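Some notes on the structure that comes next.
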Number of protein chains: 2
Amino acid sequence: MTSVNQLDDLDARILLALDENPDATVLHLAQTLGVARNTVHARLRRMTEGGALGSFSKRVAPAALGYPLVAFVWIAISQASDSAAMASLGEIPEIVEMHATTGDADLLAKVVARDPQHLHSLTSRMLRIEGVERTSTALSLVEAMPHRVRGLLEGVAGR
Amino acid sequence: MTSVNQLDDLDARILLALDENPDATVLHLAQTLGVARNTVHARLRRMTEGGALGSFSKRVAPAALGYPLVAFVWIAISQASDSAAMASLGEIPEIVEMHATTGDADLLAKVVARDPQHLHSLTSRMLRIEGVERTSTALSLVEAMPHRVRGLLEGVAGR
DNA sequence: CTTGAATCGGGCAGGATGCTCAACGGCGCG
DNA sequence: CGCGCCGTTGAGCATCCTGCCCGATTCAAG
């Protein structure tokens, strides 16, 4: 997420209103927020095109697709095979997020799986990728706080 | 995300179509997918109410709200203060996700921040919470793979 | 001051909505 | 097997909304 357009308070208020009611019409948002219809429309387009508003599928819960198990996998990469390993890891759809991080390993992957055996087969698959030297897995026992950005939105909206 | 309704292939195809075009009307989805309008409507309502389709704000990129920095913070909790510490951590809006995990620490938090100084003040704030014994931070250098579930959706949709 | 971008209010031609209804088909159960 | 339940279907109603366009105004930057 490099160089995303920064949202102002009206942008944030629009998104908050949509968080409350995702089916709200542009016209209703405009009336509720006290701005012109065109303005809401232009703002939404800008947020979508500018990357601030991501893809619809970000709303989908992997557990509903049959992947109730979440794990965090630290992956150590050998430097020579960096990009090829990344591409191979990208072919595993169960890796739903990945960051190159500071710390002991090179990558931290958020992985979903059907069950523990499936998770094990996924980490084995990762280890077979050329360039992947080591993995270390921490299992999520409870999703203590599901992904949320509402508090951040409220801050920008001035609440 | 406990006991989420499982999605079938039509659910997944609806979500894929919406991923392609989030503004698609129910009528257009119905025509495209070859089902009745009411069916799409009923499916969407069920996915929303059943938890499979999460809140709109999950689409919002924290970087666009002024939080470009991502970090993963391992938090060790003393057992006596478990729920009070959790509640206090929940009051920090920059903690955008948190899991109770296996491994060395008790919690893994995904934290966003304005800059390194801000991150430091956040971890200091966490350490001041009664029950939080220790934190260990890994900084995300690059979001190598932004959050994605499209591949999982395609699997369920039968592609 | 000039310029460009954003907002505003209005409008056009066409389209969509939430909800209701009755009928039908498939499935599970006794 | 018969029955009940649930989901899907197609149709319709009254109401509302859309993408896009336009000219005028406002605001910020040079």
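Please read these numbers as outputs of a predicted model, since none were measured by experiment. Residue numbering restarts at 1 for every chain, and letters A, B, ... go by the order of the sequence lines.
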State, with a plain yes or no, whether a side-chain heavy atom of B:Val111 is found less than 4.5 Å away from one of B:Val96.
no
Starting at atom [atom1] of [X], determine the distance to atom [atom2] of [N], rounded to an integer number of angstrom.
X: B:Leu27; N: D:dT15; atom1: CG; atom2: P; value: 21 Å
X: A:Arg45; N: D:dT18; atom1: CZ; atom2: C1'; value: 13 Å
X: B:Leu29; N: D:dT9; atom1: CG; atom2: P; value: 14 Å
X: B:Leu33; N: D:dT8; atom1: CG; atom2: C1'; value: 14 Å

Selection: residues 37-44 of chain A, any non-hydrogen atom under 4.0 Å of DNA chain D:
A:Arg37, A:Asn38, A:His41
Heavy-atom nearest nucleotide on DNA chain C for B:His28 versus A:Gly34: which residue maps closer to 5'?
A:Gly34
Interatomic distance, A:Leu15 atom CG to A:Glu154 atom CD [nearest 0.5 angstrom]:
12.0 Å
Is the ring pair A:Phe72/B:His99 parallel, tilted or perpendicular, if the boundaries are 30 and 60 degrees?
perpendicular
Under 4.0 Å between a side-chain nitrogen and a carboxylate oxygen: does that hold for B:Arg150 and B:Glu20?
yes
Between the side chains of B:Asp19 and B:Arg148, is the shortest nitrogen-to-carboxylate-oxygen separation below 4.0 Å, so that they form an ion pair?
no
Return whichever of A:Thr25 or B:Leu10 has its heavy-atom-nearest nucleotide of DNA chain D closer to the 5' end.
B:Leu10
Bounds of contact between DNA chain C and chain B, in 5' to 3' order, using a heavy-atom cut-off under 4.0 Å
C:dA16 to C:dC21
